[in-house]
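Read the structure below first, then the notes.
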Amino acid sequence: MNDPQLNETLRNALLDRVGGFFRNTVRRNGETCSVCTGPVASPGAKDCGVCALRRAEFGNRLADQVVPLTYVRGNQQQKKHQSAHTVLSYKRPSAAEKSVKDLCLMIMAATSIHASCIAALMNRMWQSVTFVPSVNNPGPSHPVAQLARQVAFNNDADNRLTLDLGPGIELDPRAVRSDRFVVPEHYRDRVAGKHVLLVEDTWTSGAKVQSAAVALREAGADHVTALCAARWCRHDWESHRWLLDSRTEPYDAYVCPVSDDICSAN
Ligand SMILES: [Zn+2]
Ligand SMILES: [Zn+2]
């Protein structure tokens, strides 16, 4: 089911389009968060401070795994970095077409090349695909819905679902809340007992992504994988800047976002 030639084409297209400004995320025990791949709270820690607190509060109701593909060089003082421009311009009402296409290709390539890596932890491929709805435009016309449509496998009309906004959607924007999103009644059978792939464009604090994961788990999902095109890092924070500066190679879609191996012939 995997197509090596397609994977090679996707990889080369991405090197060309985003290689100059996106960098692969990295998983390094004791250095980067086992959840969000940001810097850990203190040297040797497993997680960053935010993810550790959430784990303590929500435990296994959070996403089983979070898979951010790239780092964004955000909050850069002088000129806005191209990676930040891409993830910001992609969701403007008059979305920058190149930015949408760039992120779409990243989701397509990652799910095509690393499908079995994403499945490995759960010992099961994802069976349903959804996305984190945006507050102002939660429906299928938001570009994040377009990202979700790029998922390479198990992504037919009857594998897809859309989450509704819940009563807590606008409350405590930095907190994980189980009432931020709701699984609609008519989609319950696409969630209950399933491994759900949850697509998001950008992980900033991760509050929205993890709230969506909690809603899915509470609706009976066995497993949730949160796939994020980009992990926002703050250039004005020293630990983030250090991590950003340590990533010098162009974004390579063969580098595994799950294991850090090279997965060319998956
Ligand atoms: Zn984290
Ligand atoms: Zn892989």
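Remember, it's 1-based here, ligands and their atoms both numbered in the order they're listed. All heavy atoms count here, side chains included; hydrogens, waters and symmetry mates do not.
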Polar side chain donor-acceptor pair, Arg190 to Asn159, under 3.5 angstrom:
no
In a check of side chain to side chain contact (heavy atoms under 4.5 Å, CB included) between Tyr90 and each of Val144, Thr202, Asp102, which one passes?
Val144
Go through the steps for Leu62 and Arg54 under the test side-chain contact (heavy atoms from CB on, under 4.5 Å), then give the verdict.
CA-CA 8 Å; Leu62 299 169; Arg54 287 187 185 144; 4.1 Å; yes
I need the minimum non-hydrogen distance between Gln65 and Val258, along with the two atoms involved.
OE1-CG1, 4.2 Å
Need one value: angle at the Zn ion (ligand 1), Cys48 atom SG versus Cys36 atom SG, rounded to 10 degrees.
110°
For the Zn ion (ligand 2), find the closest N/O/S atom belonging to His114 and write down its atom name.
ND1
Angle in degrees, rounded to 10°, that SG of Cys263 and SG of Cys256 form at the Zn ion (ligand 2)
110°
